[in-house]
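See below for the structure under consideration.
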Amino acid sequence: MLAQAAERAEVARYWSANLAILGVLLVTWFTVSVALGILWVQPLNRLRMGGFPLGFWFAHQGSIYAFIVLILVYARYMDRIEARLRKR
Amino acid sequence: MSIQTWTYVIVLATFAGYAAIAILSRVRSTAGFYVAGRGVSPLANGMATGADWMSAASFISMAGLISFIGYDGTIYLMGWTGGYVLLALLLAPYLRKYGKFTVPEFVGDRYYSQTARVVAAFCAIFVSFTYVCGQMRGVGIVFSRFLEVPIELGVVIGMLVVLSYAVLGGMRGITYTQVAQYVVLILAYLIPAGAISYKMTGQVIPQIGFGSALADGPNAGVYLLEALDQIHRDLGFPEYTAAFVAGKRSQIDVLAIALALMAGTAGLPHVLIRFYTVPSASGARWSAFWALIFIGLLYTSAPAVATFARVNLIQTLHDTPYTEVPPWFSNWEQTGLIAFDDKDGDGRIFYSGDPARNELEVDRDIMVLANPEIAELPAWVVALVAAGGLAAALSTAAGLLLVMSSSVSHDLWKSVIRPDMSEANELRLARVIAGVAVVVAGYFGVRPPGFVSEVVAFAFGLAAASFFPILVLGVFSRRTTKEGAIAGMLVGIGSTAAYIIYFRLLHPELGSDAWLFGISPQGIGTLGMLVNFAVTLGVTGLTEAPPAEVQRLVEQIRLPSDYEGVHIPAPVRGDSAHGIAASQGADSSR
């Protein structure tokens with residue numbers, strides 16, 4: 001019974017860790033794509049990065065690079081907490 | 001060798017390769033046919049997903065389209081990649097963990113309702129069908145332009161190729177041919193992109209090239225995008241990089257369309273089903289990562305290709321005497337996709353944003369296909385582009401055919417009509433349905449019904465407003481009920497479809513002033529999705545919680561694939577002691 005309660009707590013911890021990182025990553029996802037590339041694109045376009053207006057660069061390039069990094073971070077993090085849960 | 005000879009050589013070589021893979025990877029079980037035996041490595045699946053996802057439209061039309069709309073191209077670039085984040089974070093690992101064969105099967109089990117499964121199966125068939133007709137059409141166009149065979153014959157050849165590996169090898173054959181097709185299509189895209197970038201800016205990497213200065217021509221030394229904005233101002237077009245100015249989409253519309261495409265991407269059955277083929281939930285996440293790398297290679301190059309093509313086109317043609325146009329102009333002129341109308345009678349091409357004075361009409365679809373010729377690249381590069389376009393169209397068509405085949409044979413026939421059907425018979429049926437679907441798609445590819453092109457553009461909005469919310473809630477909320485999900489799906493897809501039909505079919509004369517909140521029919525799926533979420537949650541609050549075993553199913557799919565422990569679920573409502581006893585029983589029998 002005790003072992004079961006401990007395991008239930010462990011599983012709950014795994015799931016809330018998952019929800020927490022999902023929250024962080026989804027906010028980042030929204031920021032790099034919608035906020036930087038669409039909502040704030042006009043003020044950002046006054047800044048330049050090399051030959052790119054910055055807002056335009058986020059919309060056509062930066063958001064896609066950020067998407068790749070977001071999935072990489074998530075896949076690595078989940079592999080880690082999955083391993084922790086399995087080790088018990 | 002001429003362009004045409006090269007094209008025959010390269011296209012025949014790639015087709016022979018696909019056929020060889022088909023024969024090597026034929027299958028004998030339904031698991032092999034529907035989900036490739038679940039043994040595909042995440043890397044290979046990522047590549048296959050890339051080819052599956054990037055259709056004739058991504059390969060042929062997207063860069064050309066962006067080169068005419070500039071900043072507004074954001075909706076496609078962001079919309080068709082950002083969805084993979086939602087997929088990797090919210091859906092793919094859980095659908096894989098749930099296992100089994102199809103997306104409608106998940107919907108039916110999670111919402112403990114055969115009705116939900118049948119509705120989902122019909123949605124999957126409808127969305128996939130409209131899509132596949134466009135692919136067969138793309139095959140026909142490439143054949144007719146580069147090999148100079150009639151479109152009909154081109155479609156028939158394409159049908160035979162897809163038929164050979166989809167019917168023999170099912171998902172397994174499709175997966176490994178898609179891997180090969182990805183390699184062909186990405187080389188066909190990146191080689192000309194790099195060559196043009198080098199030619200114009202001295203930078204081989206196009207993603208850097210389009211932020212660099214022009215190497216020669218009248219604007220040498222000026223940043224390419226600045227020069228392009230200046231050219232646009234001079235000719236009376238809105239600035240290329242400017243957002244939300246006159247002649248471009250409004251901010252709210254760009255936002256709505258981008259979100260609809262992202263959520264729609266994450267809800268499309270032929271993409272979701274690819275993640276059933278890897279060994280585990282972790283594999284599904286890694287597979288989404290690889291998929292987005294492979295897709296990103298093309299999607300970050302496309303906006304660069306778009307600007308090169310735009311500058312090239314204008315510098316080559318604007319103010320040029322008609323008698324001195326380059327040979328590619330005359331080639332494409334014969335297809336009717338580029339046209340010169342000498343309005344002021346001075347014999348020179350005048351290109352302008354003012355429709356009354358503009359003398360040059362260019363179809364956006366030719367930009368990628370004509371680009372290598374415009375940049376004077378060697379004949380084999382032009383031929384490779386043709387093979388790449390075919391690879392993009394065939395790989396997407398095959399993935400869609402499998403969804404249609406499994407929806408009919410597994411979700412409708414096996415589950416509703418003949419539950420006692422043997423595996424051998426189901427496999428035979430799946431092959432027959434795949435064959436029938438190829439033939440029907442080919443027919444509509446040759447004679448496209450008017451509604452197809454209209455509907456294809458809106459498939460994403462419909463997927464966003466129907467599938468996406470109930471799939472996400474199905475995983476992240478145990479409490480969501482079948483009544484909630486069915487009501488949400490119907491209201492979401494119904495309201496979205498009604499808006500599209502109202503503005504596109506009933507009142508095409510109405511302009512953007514009449515749009516709700518300034519959102520175009522293309523972006524309305526975002527609103528439909530929010531409505532779906534609200535209705536699903538509202539109705540769920542009013543109805544009885546799902547049965548304990550469904551809540552246990554949800555608990556189970558949240559856990560890692562190879563998790564060995566005794567899991568004890570805690571049902572939201574009902575007898576928890578009973579839940580524990582039942583789950584222990586189930587676990588000890590494993």
Side-chain angles (χ1 to χ4, degrees), chain A residues 1 3-5 7-8 10-12 14-15 18-19 21-22 25-26 28-30 32-35 37-42 44-45 48-53 55-79 81-86 88, chain B residues 66 70-71 73-74 77-78 81-82 84-86 88-90 93 207-208 210-213 223-226 240-244 251 254-255 258-259 262 281-282 285-286 288-289 292-293 295-296 299-300 302-304 306 476 555 558-570 580 584:
Chain A
M1 216 43 213
Q4 286 183 352
E7 169 159 22
R8 188 189 295 183
E10 194 69 27
V11 166
Y14 164 80
W15 187 246
N18 181 24
L19 294 182
I21 189 159
L22 281 179
L25 294 179
L26 286 175
T28 317
W29 167 80
F30 188 86
V32 293
S33 57
V34 171
I38 298 175
L39 297 180
W40 304 332
V41 64
Q42 287 161 316
L44 283 175
N45 268 354
R48 303 194 81 85
M49 191 178 72
F52 291 107
F56 175 84
W57 182 81
F58 270 108
H60 278 206
Q61 295 276 294
S63 54
I64 301 176
Y65 301 134
F67 294 152
I68 294 174
V69 174
L70 287 173
I71 302 182
L72 175 68
V73 169
Y74 185 63
R76 292 184 60 137
Y77 182 84
M78 288 306 285
D79 275 0
I81 66 171
E82 280 192 358
R84 203 167 63 199
L85 183 65
R86 241 178 268 129
R88 277 197 67 255
Chain B
I66 295 169
Y71 167 80
T74 301
L77 294 167
M78 218 183 249
T81 54
Y84 277 83
V85 177
L86 299 177
L89 270 54
L90 302 177
Q207 286 84 344
I208 299 174
F210 88 120
S212 308
Y223 280 128
L224 180 123
L225 287 170
E226 265 171 35
Y240 188 85
T241 60
F244 324 131
Q251 187 162 30
V254 171
L255 179 71
L259 288 175
M262 290 201 247
S282 164
R285 287 187 288 265
W286 283 108
F289 165 71
L292 193 54
I293 290 224
I295 293 167
Y299 271 65
T300 54
F476 287 87
E555 293 284 343
R558 291 174 177 181
L559 293 170
S561 277
D562 52 353
Y563 182 62
E564 294 289 340
V566 182
H567 172 57
I568 307 110
I580 290 172
Q584 279 173 325

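Residue numbers begin at 1 in each chain, while the letters A, B, ... track the order of the sequences.
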Taken to the nearest 0.5 Å, the spacing of A:Ile68 CD1 from B:Ile293 CD1 works out to 5.0 Å

Looking only at B:Arg558, B:Glu226, B:Gln207, the option with the highest number of non-hydrogen pairs under 4.5 Å against chain A is B:Arg558

With chain A, the option among B:Leu86, B:Leu224, B:Leu90, B:Leu259 that has the most non-hydrogen atom pairs under 4.5 Å is B:Leu86

When you look at CH2 of A:Trp40, are more than 12 heavy atoms from neighbouring residues, nucleotides or ligands closer to it than 6.0 Å? no

Applying a strict 4.5 Å limit to non-hydrogen atoms, the region of B:Ala258 in contact with chain A is side chain

**Q.** A:Tyr74 OH: over 12 foreign heavy atoms closer than 6.0 Å
**A.** yes

Answer key: most heavy-atom pairs under 4.5 Å with chain B among A:Leu26, A:Ile64, A:Val32 is A:Ile64

Heaviest contributor of heavy-atom pairs below 4.5 Å to chain A, chosen from B:Ala304, B:Pro560, B:Ala88, B:Ala281, is B:Pro560

| query | Within a strict 4.5 Å, meaning less than it, do heavy atoms of the B:Val254 and B:Gln251 side chains meet? | reply | no

Assert top hit (heavy-atom pairs under 4.5 Å, partner chain A, pool B:Leu292, B:Leu89, B:Ile295) equals B:Leu89

Chain A shares the most heavy-atom pairs under 4.5 Å, among B:Ala213, B:Gly296, B:Ala288, B:Gly82, with B:Gly82

Turns out that what part of A:Arg76 lies under 4.5 Å from chain B's heavy atoms comes down to both

Assert top hit (heavy-atom pairs under 4.5 Å, partner chain B, pool A:Ser33, A:Gly55, A:Ala66) equals A:Ser33

One should read off an interatomic distance between B:Ile66 CD1 and B:Thr74 OG1, to the nearest 0.5 angstrom, of 8.5 Å

If one checks every heavy atom of A:Glu82 against chain B at 4.5 Å, the contacting part turns out to be both

Bottom line for A:Tyr14: the part with an atom under 4.5 Å from chain B's heavy atoms is side chain

Whether A:Asn45 side chain and B:Ala242 backbone form a donor-acceptor pair below 3.5 Å:
no

If one checks every heavy atom of B:Ser282 against chain A at 4.5 Å, the contacting part turns out to be both

(Q) The test is side chain to side chain contact (heavy atoms under 4.5 Å, CB included); show your working for A:Trp57 and A:Leu44 and say whether it passes. (A) CA-CA 10 Å; A:Trp57 182 81; A:Leu44 283 175; over 6 Å; no

d(A:Ile81 CD1, A:Met78 CE) to nearest 0.5 Å is 4.0 Å

Whatever's closer than 4.5 Å to a heavy atom in chain B on A:Leu19 counts as side chain

Okay, A:Ser63 and chain B: the region with an atom under 4.5 Å from a heavy atom over there is side chain

Exercise. With ring-ring contact (aromatic ring centres under 6.0 Å, His included) as the test, would you mind laying out the steps for B:Tyr223 and A:Phe52 before giving the verdict?
Key: CA-CA 8 Å; B:Tyr223 280 128; A:Phe52 291 107; 8.8 Å; no

